[in-house]
Amino acid sequence: MRNALIALVATAITLIVASVAAATTHRTARVSASCTPGSLNLVTPGTLTIGTDNPAYPPWYGGGSPKGSSWKINDPSTGQGFESAVAYAVAKQLGFTKAQVKWLYTPFDKSYAPGKKSFDFDINQISYTPARAKVVTFSSSYYDVNQSIVVLKGSKIAAVHSVAGLASFKLGAQLGTTSYDYIKNTIRASSVSVFDTNDAAVQALKNKQIDGIVVDLPTAFYVTAVQVSNGEILGQFPTPPGGEHFGMVFAKGNSLAGCVDGAIATLKSNGTLAKLQQTWLAKATGAPVLK
């Protein structure tokens, strides 16, 4: 009797384990199936529509712009430049071919504005902030970044080597950026100019209307290498508590974000993301830290 009871219990345990395993397998299959191209919540079925700003600047985008293209400086569809390469790597993880990816011009400040989106996700050096996350959904980080400041060589501000020392100068940044927030909340500059585009801010620096422009560090390298011949990176700012990172932006609550997070996790674990950073950003990460 005792042996029969033990056998009965063992059989019950086996059935329970098998049932749990089957349920787990079913959940895994369901999650995987929900991230196939045909199951994603897309603006246009079968097409992954990706937003970014125009002009598309290096080192985030590269390869130039073909004659007749509406894209300035670089056409995102080349797959060159860090963000273009990351976007296509994510698309591949989701099961899209390059031909199934469509790029859509989206002004920076429109990318994280509340409301319906014409893109599936936007990738444009958009830093996560709690305020922005109230009206859009962010992916996990695809790049951790520091802010920096560009000045003119030989100018008075070029002799400054501390964050506190910048407060008395006139600084500028693009509207709606964390660069502008940094000037206001951390540097607390006495004079701040805000510009609709980064190009306008750069031009103001060239015209000596402002003393310095605050941008993310990789962008600062492009500004000094191409846009401002007598410009220099004064330094980068210390990493803020909790860090600052770029995330892809989705319409609030879009389930696609979870699938993209899975793709980013895979790209991190298999070394692809690190390789892309080395390829496109390695030359744009070294600058002294201002204290």
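On a predicted model such as this, the values are computed, not experimentally measured, just so you know. Index from 1, following the sequence.
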Within the distance-only criterion (no hydrogens, no angle test), does the side chain of [X] pair as donor or acceptor with the backbone N or O of [Y] below 3.5 angstrom?
X: S84; Y: P76; result: yes
X: D122; Y: S111; result: no
X: S193; Y: S191; result: no
X: S148; Y: V215; result: yes
X: N124; Y: I126; result: no
X: T224; Y: A220; result: yes
X: R132; Y: S127; result: yes
X: S118; Y: L104; result: no
X: N54; Y: K72; result: yes

*May I ask you to check if K98 and Y88 form a cation-pi contact, with NZ or CZ under 6.0 angstrom from the six-membered ring centre and within 45° of the axis?*
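Pair K98/Y88 counts as cation-pi.
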Are [X] and [Y] in one and the same hydrophobic cluster, where Ile, Leu, Val, Met, Phe, Trp and Tyr link if side-chain heavy atoms are under 4.5 Å apart?
X: M248; Y: Y128; answer: no
X: V260; Y: Y112; answer: no
X: V223; Y: F195; answer: yes
X: L281; Y: I123; answer: yes

*Starting at CD of Q80, measure out to OG1 of T279 and round the result to the nearest 0.5 Å.*
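Here the interatomic distance stands at 11.0 Å.
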Nearest heavy-atom neighbours spanning [X] and [Y]:
X: L152; Y: L205; value: CD1-O, 3.5 Å
X: L42; Y: G46; value: CD1-N, 3.9 Å
X: F138; Y: V136; value: CE1-CG2, 3.8 Å
X: S140; Y: D261; value: N-OD1, 2.7 Å
X: K102; Y: T47; value: CB-CG2, 3.8 Å
X: K110; Y: K117; value: O-NZ, 3.3 Å

Indicate whether the side chain of [X] and that of [Y] have a donor and an acceptor atom separated by less than 3.5 Å.
X: N207; Y: Q203; answer: yes
X: Q125; Y: D53; answer: no
X: T78; Y: D75; answer: no
X: N254; Y: T137; answer: no

Are side-chain heavy atoms of [X] and [Y] found at a separation under 4.5 Å?
X: V43; Y: F119; value: no
X: W60; Y: W280; value: no
X: C259; Y: L40; value: yes
X: T178; Y: E244; value: yes
X: V145; Y: P218; value: yes
X: N74; Y: S65; value: no
X: S179; Y: Q147; value: yes
X: N198; Y: I213; value: yes

*Assign the ring pair Y57 / Y222 to parallel, tilted or perpendicular, where the plane angle (0 to 90°) is split at 30° and 60°.*
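Answer is tilted, since the angle falls between 30° and 60°.
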_Does the plane of the ring in F246 sit parallel, tilted or perpendicular to the ring in Y143? Use 30° and 60° as the thresholds._
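Correct class here is tilted.
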_Neighbour count above 12 (heavy atom, 6.0 Å) for K252 NZ_ =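 Count over threshold, so yes.
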*Kindly check if the number of other-residue, nucleotide or ligand heavy atoms within 6.0 Å of CG (N230) is above 12?*
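More than 12 heavy atoms, drawn from other residues, nucleotides or ligands, come within 6.0 Å of this atom.
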*Given the rule in the side-chain contact (heavy atoms from CB on, under 4.5 Å) test, do V249 and F121 qualify, once you have shown the distances and angles that lead to the verdict?*
CA-CA 5 Å; V249 168; F121 67 76; over 6 Å; no
_For L290, the rest of its hydrophobic cluster, which grows through side-chain links under 4.5 angstrom_ =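 I149, V151, I157, V160, V163, L166, F169, L171, L175, Y180, Y182, I183, I187, V192, V194, V214, L234, F237, all in the cluster of L290.
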*asked:* Among W103, Y105, Y61, W71, which residue satisfies the side-chain hydrogen bond (donor to acceptor under 3.5 Å, both in side chains) criterion with T52?
replied: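 The side-chain hydrogen bond (donor to acceptor under 3.5 Å, both in side chains) with T52 is passed solely by Y61 among W103, Y105, Y61, W71.
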Can you give each donor-acceptor pair under 3.5 Å made by side-chain atoms of residues 264-275, sequence neighbours left out, with the distance rounded to 0.1 Å?
residue: T266; atom: OG1; partner: G262; partner atom: O; Å: 3.1
residue: K268; atom: NZ; partner: S141; partner atom: O; Å: 3.0
residue: S269; atom: OG; partner: A265; partner atom: O; Å: 3.2
residue: S269; atom: OG; partner: T266; partner atom: O; Å: 3.0
residue: N270; atom: OD1; partner: T272; partner atom: N; Å: 2.9
residue: N270; atom: OD1; partner: T272; partner atom: OG1; Å: 2.8
residue: N270; atom: ND2; partner: T266; partner atom: O; Å: 3.3

